Amino acid sequence: MPQSAPVSAALDPAAIFPFPLDDFQLEAIDALNQGHSVVVSAPTGSGKTLVGEYAIYRALAHGQKVFYTTPLKALSNQKLRDFRAQFGADKVGLLTGDLSLNREAQVVVMTTEIFRNMLYAEVDGGDDPLEGVEAVVLDECHYMNDSQRGTVWEESIIHCPPPVQLVALSATVANAGQLTDWIERVHGPTRLVFSDHRPVPLAFSFCSAKGLHPLLNEEGTGLHPNCKVWRAPKGSHRKGPKTPKPPQPEAPPLGFVVAQMAEREMLPAIYFIFSRRGCDKGVKELGKANLVTPAEQARIKARLDAFVAATPEAVREGGHAEALLRGIAAHHAGVLPAWKELIEELFQQGLIKVVFATETLAAGINMPARTTVISALSKRTERGHRALMGSEFLQMAGRAGRRGLDSQGYVVTVQSRFEGVREAGQLATAPADPLVSHFTPSYGMVLNLLQRYDLAKAKELVERSFGRYLATLDLAEDEARIAQLMQQLEGLEDGSGEVPWDDFEDYEKQRGHLREERRILRILQQQAEETLAHELTLALQFASEGTLVSLKAPQLRGRVTPAVIVEKVKGPGQFPLLLCLTDDNVWLLLPCGAVVALHAELSCLQVGQVEAPELRHAGELRHGDQASGGLALAVAHMASRHDMVTPQYDLAGEVQAHAQLVHDLEEQLELHPAHRWGDRRQLKKHRRRMEELQLEIDERQRLLHFRSNRHWDTFLALIEVLRFFGALAGADGLEPTEVGRTVAALRGDNELWLGLALMSGHLDELDPPQLAAVFEAISTEVNRPDLWCGYPPPPAAEEALHDLRGLRRELERQQERAKVTFPLWWEPELTGLVHAWAKGASWSDVIANTSLDEGDVVRILRRTVDLLAQVPYCEAISEQLRTKARAALKAINRFPVCEIEDLLASGNGQLDPATERPQA
């Protein structure tokens, strides 16, 4: 492969472009001519694509090739049209999942996914698909942030041969420097060219029900002085946990917003609404408004008539054609691609004045406008409602301002139910978000790497990911923090001197045991007390005056006190009150319940001679005099000879046994060496801090390992699943088998599931329409709760899917065991629809028999086409199935599933366009 062009082979940009270039464009071109790869990070609409175009001109001058990659097939088609006009149709080719046009051309446009697949296909040796390629342009490189497909960009950069120059074109991101540094590490010398200059400056406005006003101050750093931040009226904040956020002021009607822009000559505009239904409703809400001149209307009508004549089935119903003639359209994923392309073409010509679009339109389609309207600053996602991210807002705002047509671009934010001027100002001044990594090893990646490399080299390649690079940036900080915590732990260990922590832990365990046994003793005492209290109360009714008792009452401060009953006084209830004299010569009037022991076995004392005081209320207390002192001494004398301080319930067998156990444990604890140490509370605190530090260190080390090794751990887990299903074998279990090589040739969300289904034999007897139906069921997902289909599933397809259930369950089990998550799509609801289309049903019939939008049906059928196109190039697939897959592909890949230019193209490609592999 030739080395990148030296400086001497540089082309003069002035000889190519008939206008002066911006500084950042010249800087990027200079970097390319120095032989470096380049990352160009600049605002949307600033002219980044020119750097990619220069790379093409330069390669053509050298007789070399350029691959131009885009994230979306629609973008690839648009670039194909643009480049054919710019460089000549013979010099430009296209590769998509199901189509190969002029693939030997010097400029080949493809999705980044196809380029990644091509790099893996080099494994097989033979023809090098990158032979003669001087540069690869990675357009819309910020798509690395896409959670589903971001991994494709990382894999492409990791596996692209170093002699090939990379031209990464990205919208403004916060960490372009990190991206550049990473590419330099994994690919080769790379220069960052950064620009925040917009050739067409943007003015931010805010539209409320009162009209259109400037949003930002002159410096663009905060809200305009005339902006009034809305505050809820008093009383709208009712206190309470479920009080909803007070409503914002009334949102302006959509027609009002458009009228305000038309008055100020701010059209054409892209009006972003985050739902398909909202976009279609927008078209209806504008009613009969006409935004075009008669001359413009005539041009639209001429183009629309030509479109209807060529592709009548692609005309969108429901008043959309009529709205188009008034300069109004809706553009979203539910619309047929052909109709969307018509809208894009008319908009680029300035004939459509307002296009209502979902944010997908902001993702690189060349549709600049004078104004972009952002109807809401938050959106619904699968994970609930969330605010727009800075980069999402910038991407949409960046579509405003047409270079060479407008001196000023306008961004209009609109008052909504949820957000007002404050939120609009925050987003308009927010910085771009950083790129993050979505690199994820897959079954296909594991098999493709093991076909080419040993395990050590595969590990090195996996660890080249951007995610691993970002983790290593934080690694030093994390490791320093762990070292700091370990130092603290060592200090605490040193500070605890010669404390034998095993003894301390044993002592703490014994203390805990004693606490528990004391608790049980209290419960046993309480139970015995309740039982005996009833018995004592009954016995006291028959006890005579002079009977010795033991009392326990609050007046006696918890002490079990010996006493004698001197008199029984009628109580408020059925039981009497007892007037007693204690051994301390204190008179007390108490209920029967205060008696905790009745000493009927002891002789009664003579109490007749003692004059008792007159106490009226239970609990009343009076100190005795000299006359009662003799009786008190007699009580004390009896108490000294007999146990009168143990409550009777403590004499219950179970209580006594447990009291002895508690006593023994207390003695054991006192004999423990730790009992004689210093401040045990302080030691315990010290020990707890040591344990907390150890837990924090362990958790940080676990997280560090996860962040550093998670991709490799996933890779090893996938190896185990692949071995289970016989895709890897050999002495070390790392050699792809025929099954493994077949799975490696496939591309999908779960290549192993697709491969096992294809090789199962359950699909071999199906005819082509039935095969297409089953392929749809195992390769696509439709996340629509209201899904219905008027065509019943074909019985043969149902039977085949039933036969695949066991295989799917087993794969699900193995994935769970390995802790990996890859989808096992299963969508039998639409098999009837695919079957009907493959059997020749008309497009209008198909659409009439489903709740799905036309764009969704096309996307599902294209996913099915993509899988069918790969089958003939798989190794372990029966010839019978290959033939039927070709026939099924032909049956379903007709307009509007395939595009007009696909129909015009001849089927001249001999390689599988999905993988660039020769036919098996």
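Quick caveat, the model's predicted, so the values are computed rather than measured. Atom set for the values below is all heavy atoms of this structure, side chains included, hydrogens, waters and symmetry mates excluded. In this chain, residues are counted from 1 in sequence order.
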Applying side chain to side chain contact (heavy atoms under 4.5 Å, CB included) to Phe725 and Thr737, what does each step give before you reach the verdict?
CA-CA 10 Å; Phe725 287 101; Thr737 60; over 6 Å; no
Would Arg741 and Glu738 count as a salt bridge (Lys or Arg N to Asp or Glu O under 4.0 Å) here? Give the steps.
CA-CA 5 Å; Arg741 291 191 296 275; Glu738 187 185 35; 5.6 Å; no
Which pair of non-hydrogen atoms, one from [X] and one from [Y], has the smallest distance, and what is that distance?
X	Y	result
Thr831	Glu776	N-OE1, 3.7 Å
Arg103	Val108	O-CG2, 3.6 Å
Leu787	Leu852	CD1-CG, 3.7 Å
Val92	Asn102	O-ND2, 3.1 Å
Cys279	Ala330	O-CB, 4.0 Å
Ile352	Ala329	CD1-CB, 4.0 Å

Can you find a heavy atom in the side chain of [X] that is under 4.5 Å from one in the side chain of [Y]?
X	Y	answer
Val283	Phe356	yes
Trp826	Leu801	yes
Glu810	Arg813	yes
Ser779	Leu754	yes
Pro441	Leu718	yes
Leu336	Phe895	no
Thr742	Met759	yes
Asn849	Leu833	no

Apply the test side chain to side chain contact (heavy atoms under 4.5 Å, CB included) to residues Leu861 and Val834: give CA-CA distance (whole Å), side-chain angles for both, the deciding distance (0.1 Å), then the verdict.
CA-CA 7 Å; Leu861 289 167; Val834 177; 4.0 Å; yes
Working to the nearest 0.5 angstrom, can you tell me the gap between [X] [atom1] and [Y] [atom2]?
X	Y	atom1	atom2	answer
Ile273	Lys281	CD1	NZ	9.0 Å
Lys884	Leu868	NZ	CG	13.0 Å
Leu758	Leu763	CG	CG	6.5 Å
Leu75	Thr111	CG	OG1	11.0 Å
Leu101	Met110	CG	CE	12.0 Å
Phe272	Gln395	CZ	CD	8.5 Å

Any residue meeting salt bridge (Lys or Arg N to Asp or Glu O under 4.0 Å) with Lys353, in chain and number order, not counting sequence neighbours:
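With sequence neighbours excluded, Lys353 shows a salt bridge (Lys or Arg N to Asp or Glu O under 4.0 Å) to Glu296, given in chain and number order.
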Sequence neighbours left out, what passes side-chain contact (heavy atoms from CB on, under 4.5 Å) with Val152? Give chain and number order.
Thr112, Glu113, Arg116, Ser156
Residues forming a side-chain contact (heavy atoms from CB on, under 4.5 Å) with Ile847, sequence neighbours excluded
Trp843, Glu854, Val857
Apply side-chain hydrogen bond (donor to acceptor under 3.5 Å, both in side chains) to [X] and list each qualifying residue two or more places apart in sequence or on a separate chain.
X	value
Arg276	Asp853, Asp856
Asp82	none
Arg299	none
Thr70	Ser76

Donor-acceptor pair, [X] side chain versus [Y] backbone, under 3.5 Å?
X	Y	result
Arg882	Pro872	yes
Asn750	Leu824	no
Asn893	Leu889	no
Arg149	Pro71	yes
His438	Asn145	yes

For residues 301-320, the salt bridge (Lys or Arg N to Asp or Glu O under 4.0 Å) pairs (sequence neighbours left out) are Asp280-Arg316, Lys301-Asp305, Arg303-Glu345
Under the salt bridge (Lys or Arg N to Asp or Glu O under 4.0 Å) rule, what pairs show up with a residue in residues 760-774, not counting sequence neighbours?
none
Do any pairs count as a side-chain hydrogen bond (donor to acceptor under 3.5 Å, both in side chains) and have a residue in residues 796-809, sequence neighbours left out, and if so which ones?
none
By the ring pair (Phe, Tyr, Trp, His ring centres under 6.0 Å) test, which pairs, at least two apart or in different chains, include something from residues 296-327?
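Sorted pair list: Phe307-Trp339.
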Pairs where residues 768-796 contributes a residue and the test ring pair (Phe, Tyr, Trp, His ring centres under 6.0 Å) is met, not counting sequence neighbours:
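Ring pair (Phe, Tyr, Trp, His ring centres under 6.0 Å) check on residues 768-796 returns no pairs.
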Just one of Phe724, Phe822, Trp753 clears the ring-ring contact (aromatic ring centres under 6.0 Å, His included) bar with Tyr443, so which one?
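For Tyr443, the ring-ring contact (aromatic ring centres under 6.0 Å, His included) check succeeds only for Phe822.
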Taking it one step at a time, do Trp837 and Arg894 satisfy side chain to side chain contact (heavy atoms under 4.5 Å, CB included)?
CA-CA 9 Å; Trp837 177 247; Arg894 52 197 173 94; 3.3 Å; yes
Is it true that atom CZ of Arg277 has more than 12 heavy atoms of other residues, nucleotides or ligands lying nearer than 6.0 Å?
no
Apply side chain to side chain contact (heavy atoms under 4.5 Å, CB included) to residues Leu95 and Met118 and explain how you reach the verdict.
CA-CA 11 Å; Leu95 277 178; Met118 195 184 286; 3.6 Å; yes
Between the side chains of Gln348 and Glu344, is a donor N or O closer than 3.5 angstrom to an acceptor N or O?
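Their side chains do not contain a donor-acceptor pair, so the 3.5 Å distance test is not met.
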Testing the 3.5 Å rule here: is there a donor-acceptor pair between the side chains of Gln451 and Tyr120?
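Their side chains do not contain a donor-acceptor pair, so the 3.5 Å distance test is not met.
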Does Glu827 pair with Arg863 as a salt bridge, N-O distance under 4.0 Å?
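Salt bridge between Glu827 and Arg863, a charged N being under 4.0 Å from a carboxylate O: no.
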